[in-house]
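Right, one structure below, let's go through it.
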Amino acid sequence: MITTHQPARLVFALTAPLALLSACGDPAAEGAAEPDAAPDPQDAFFDALASHCGKAYAGQLVSEDAVDADFADAPMVMHVAQCSDEQIAVPFHIQLIGEDGEPAWDRSRTWLITRTIIPHMNGKTESPLGLRLKHDHRHEDGEPDAVTMYGGDTTTEGSARAQDFPVDDFSIEMFEREDLSASVTNIWTVEVDPAGTDDGVFAYQLKRTVEDGAPVDRLFRVEFDLSEEVEAPPPAWGHGGEDGRD
């Protein structure tokens with residue numbers, strides 16, 4: 001008499017070990033965690049700058065264009081003055097010689113680095129798009145300069161330490177209107193090391209080249225020593241006090 005149960009036992013005997021081997025070799029079956037994704041370079045850059053919030057540092061001109069002779073050896077301070085999840089404000093203070101021959105602090109410039117976002121179709125959520133650099137340029141009475149809020153947006157992911165900001169259309173139109181057409185090919189670069197980095201540096205750079213359409217090559221670069229804090233300066237013009245004054 002032939003039993004009909006033997007083939008079933010034979011199939012189970014062959015497949016059960018294979019199933020066990022398959023389960024043992026499957027990371028998902030073992031509950032293995034997926035490796036962490038690499039940090040977004042722009043998030044890392046923004047976080048590195050934010051790690052200096054409230055701190056101020058001394059710096060100097062390191063480029064050598066003759067047009068910047070007045071900036072050579074001039075005392076400079078950058079202050080990471082205001083930070084939020086979306087924007088960081090960094091006033092740039094420089095002590096120049098005034099028309100009366102006396103040194104005076106120029107507090108007219110604030111660098112604004114902002115996360116740009118794109119709204120989703122449902123209107124309720126948003127996704128990061130990149131970073132934006134703008135120059136908030138004010139007079140001592142707090143009023144905006146005729147040339148202000150110029151800058152640009154990132155067009156690549158950059159790196160955790162450095163981001164490039166090519167000139168945007170708004171700025172090109174402003175430069176042309178204000179007879180500053182040499183600036184329509186500007187590329188700004190900001191570099192920063194996180195707080196606590198040995199020999200850390202913050203750098204701000206403006207560059208344009210004949211190769212990219214500029215009438216002459218241009219390089220302006222200032223660097224700040226992040227290893228030693230200095231006393232925080234008064235607010236930048238237009239950013240402190242009810243009347244916009246320091």
Is the CG atom of D179 crowded by more than 12 outside heavy atoms at less than 6.0 Å?
->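 Counting neighbours around CG of D179, 12 or fewer heavy atoms of other residues, nucleotides or ligands fall under 6.0 Å, so no.
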
Is it true that D136 and R138 make a salt bridge, defined as a side-chain N closer than 4.0 Å to a carboxylate O?
->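 Looking at R138 together with D136, the answer is yes, because their closest N to O distance falls below 4.0 Å.
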
Between R109 and D106, does at least one N-O distance fall below 4.0 Å, as a salt bridge requires?
->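 Here R109 pairs with D106 in a salt bridge, since their nearest N and O are under 4.0 Å apart.
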
Which atom of [X] lies closest to which atom of [Y], heavy atoms considered:
X	Y	value
A74	Q95	CB-O, 3.4 Å
S63	L61	OG-CD1, 3.4 Å
A56	V77	CB-CG1, 4.0 Å
T154	G130	OG1-CA, 3.7 Å
P215	V210	O-CG2, 3.8 Å

ILVMFWY cluster, [X] and [Y] together (side-chain gap under 4.5 Å):
X	Y	answer
F71	W105	no
M76	I97	no
M149	V147	yes
V230	V80	no
I94	V90	yes

Drop me the distance from [X]'s [atom1] to [Y]'s [atom2], to the nearest 0.5 angstrom.
X	Y	atom1	atom2	result
L131	E157	CG	CD	11.5 Å
L226	Y57	CG	OH	5.5 Å
L112	Q82	CG	CD	8.5 Å
D47	Q42	CG	CD	12.0 Å
E229	K55	CD	NZ	5.0 Å

May I ask you to decide if the ring planes of F224 and F92 are parallel, tilted or perpendicular, using 30° and 60° as cut-offs?
->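 F224 and F92: perpendicular rings.
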
Any sub-3.5 Å donor-acceptor pair from [X]'s side-chain atoms to [Y]'s backbone N or O?
X	Y	value
Q87	C83	no
D65	V67	no
S183	N186	no

In the structure I gave you, are the side-chain heavy atoms of [X] and [Y] within less than 4.5 Å of one another anywhere?
X	Y	result
P234	R107	yes
L49	I113	yes
T116	T114	no
P91	W237	no
F202	E223	no

Any salt bridge (Lys or Arg N to Asp or Glu O under 4.0 Å) involving residues 67-89? Give me the pairs, sequence neighbours left out, ordered by first then second residue.
->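 Every pair satisfying salt bridge (Lys or Arg N to Asp or Glu O under 4.0 Å) with a residue in residues 67-89: D68-R218.
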
Can you list every salt bridge (Lys or Arg N to Asp or Glu O under 4.0 Å) pair that touches residues 194-216, not counting sequence neighbours?
->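 For residues 194-216, and leaving out neighbouring residues, there are no salt bridge (Lys or Arg N to Asp or Glu O under 4.0 Å) pairs at all.
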
Determine all donor-acceptor pairs shorter than 3.5 Å in which one atom belongs to a side chain in residues 188-195; sequence neighbours excluded.
unit_1	atom_1	unit_2	atom_2	d
W188	NE1	Y204	OH	3.3
T189	OG1	D164	OD1	2.7
E191	OE1	R161	NH1	3.1
E191	OE1	R221	NH2	3.0
E191	OE2	R221	NH1	3.1
E191	OE2	R221	NH2	3.4
D193	OD1	R161	NE	2.8
D193	OD2	R161	NH2	3.3
D193	OD2	V201	N	2.9

Partners of S227 by side-chain hydrogen bond (donor to acceptor under 3.5 Å, both in side chains), sequence neighbours excluded?
->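 Expected list: D225.
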
Show every donor-acceptor pair shorter than 3.5 Å between a side-chain atom in residues 170-178 and any protein atom, with sequence neighbours excluded, or say none if there are none.
unit_1	atom_1	unit_2	atom_2	d
S171	OG	G151	N	2.8
S171	OG	G151	O	3.1
S171	OG	D168	OD1	2.6

Side-chain donor-acceptor contact under 3.5 Å, H137 with Y150 |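 Absent: no donor and acceptor within the cut-off.
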
Other cluster members, I187 - Ile/Leu/Val/Met/Phe/Trp/Tyr, side-chain contacts below 4.5 Å =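 Besides I187, the cluster holds no residue at all.
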
